[in-house]
Amino acid sequence: MWYPISFLSAAAFLILWFYFADNSRRAYTFRQLFLLAASSYLANWLFMEVEWAQKWSLLSKDLLLLGTSAAFFGLIRKQKTLFWILFIGGMLVAAINYLKPTKPAIQKTNLPKQGELLVEINTPEQLSHLQQTYNLSITPAFELAHPTLLSDWYLVDIPDAAEHELQAIKQALAKLGVVEENEQVQVAPIVTRKLPNINQK
């Protein structure tokens, strides 16, 4: 989150530094703000949790964008109306583009109406108190012919009357074993294609 904010701030202050080049006081103020924002940007870039190759690619792209934007606005700074229209519009578009959340490749949906939670526990008898308190339905999560590591997983169905106490139930179950939400995910299907016939001759 701080990375795009620091980059957009640096871009805005650099453009305004060039715009007020004839006003030494304002130019000095925006130069100092630019240096502060640029330092923040570099710190965020340095500590990003991505590969170095990706970091350098991102830095190159950002510096190119920063330089071309400053040069463009430096050329039109004498045309005040046009400058401010493009500056405000450009910053709004950039903010929407940089700050919008990215969609994950796998999207989570709401929990199913039956079997909202999965709990891993060695002795299911420990669940009897919670089962009676919240009227839970607890069944083995997997139908297995032979005992495996998955045999310790149970599906917990929460009745409609206790849905509002989901967090309290999760916390109580977490004290007894590992608890996970029985999340539903959606993935894009792999599109198959027919391979062309090969002439073996």
Side-chain angles (χ1 to χ4, degrees), residues 1-112 116-118 163-171 173-174 178-191:
M1 182 65 180
W2 289 110
Y3 160 76
I5 291 175
S6 60
F7 173 73
L8 292 174
S9 300
F13 293 142
L14 180 62
I15 292 169
L16 292 173
W17 175 15
F18 284 1
Y19 179 76
F20 291 108
D22 298 333
N23 186 324
S24 58
R25 185 178 176 183
R26 289 186 178 179
Y28 174 79
T29 300
F30 284 113
R31 183 180 66 188
Q32 297 302 109
L33 289 172
F34 164 71
L35 292 174
L36 184 64
S39 300
S40 175
Y41 164 77
L42 288 174
N44 281 287
W45 170 81
L46 186 62
F47 292 103
M48 287 177 70
E49 295 180 357
V50 295
E51 297 292 330
W52 275 101
Q54 198 174 348
K55 281 188 182 184
W56 288 116
S57 174
L58 191 62
L59 182 65
S60 302
K61 183 198 74 172
D62 287 345
L63 291 180
L64 180 64
L65 184 59
L66 202 64
T68 52
S69 300
F72 171 74
F73 281 101
L75 290 173
I76 65 168
R77 71 187 186 91
K78 298 294 184 183
Q79 304 173 45
K80 295 185 177 181
T81 304
L82 179 63
F83 174 91
W84 285 109
I85 290 173
L86 291 180
F87 175 71
I88 294 171
M91 291 307 297
L92 285 174
V93 170
I96 292 170
N97 186 50
Y98 269 81
L99 299 176
K100 68 181 179 182
T102 55
K103 281 188 175 182
I106 297 177
Q107 299 180 29
K108 296 178 182 178
T109 62
N110 294 328
L111 296 178
E116 294 90 342
L117 301 174
L118 288 165
E163 285 286 351
H164 64 285
E165 298 189 78
L166 175 63
Q167 291 303 320
I169 294 170
K170 283 172 63 177
Q171 290 174 2
L173 288 171
V178 178
V179 181
E180 292 184 7
E181 292 183 342
N182 187 21
E183 295 169 334
Q184 296 175 317
V185 296
Q186 293 177 343
V187 295
I190 299 173
V191 180

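In this text the structure is predicted, and so the values were computed from the model without any measurement.
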Inter-residue atom distance [X].[atom1] - [Y].[atom2], 0.5 Å rounding:
X   : Y   : atom1 : atom2 : answer
S39 : F34 : OG    : CZ    : 9.0 Å
L59 : L64 : CG    : CG    : 11.0 Å
N23 : F30 : CG    : CZ    : 9.5 Å
I85 : K80 : CD1   : NZ    : 14.5 Å
R31 : L14 : CZ    : CG    : 12.5 Å

#### Entry: Sub-6.0 Å ring centroid separation between W2 and W45
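No: the rings miss the under 6.0 Å criterion.
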
Using only atom types and a distance under 3.5 Å, with no angle test, would you say the side chain of [X] pairs donor to acceptor with the backbone of [Y]?
X    : Y    : value
N44  : S40  : yes
S69  : L66  : no
K170 : V179 : no

#### Entry: F83 and its ring-ring contact (aromatic ring centres under 6.0 Å, His included) partner, picked from F73, F18, F72
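The ring-ring contact (aromatic ring centres under 6.0 Å, His included) with F83 is passed solely by F73 among F73, F18, F72.
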
Hey, does [Y] have a side-chain heavy atom less than 4.5 Å from the side chain of [X]?
X    : Y    : value
L35  : W17  : no
L166 : L117 : yes
R77  : D22  : yes

For [X] versus [Y], what's the shortest heavy-atom pair and its separation?
X   : Y   : answer
L8  : A95 : CD1-CA, 3.6 Å
F20 : A27 : O-CB, 3.3 Å
A37 : F13 : CB-CD1, 4.0 Å

### Pairing residues for K61 by the side chain to side chain donor-acceptor pair (under 3.5 Å) criterion, not counting sequence neighbours
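If we apply the side chain to side chain donor-acceptor pair (under 3.5 Å) test to K61, skipping adjacent residues, there are no hits.
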
### Query
Only one of T81, I76, I15 forms a side-chain contact (heavy atoms from CB on, under 4.5 Å) with L86, so which one is it?
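Among the candidates, only I76 passes.
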
### Task
Return yes when atom CH2 of W84 has more than 12 non-hydrogen atoms of other residues, nucleotides or ligands closer than 6.0 Å, and no otherwise.
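Enclosed: over 12 neighbouring heavy atoms sit under 6.0 Å from CH2 of W84.
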
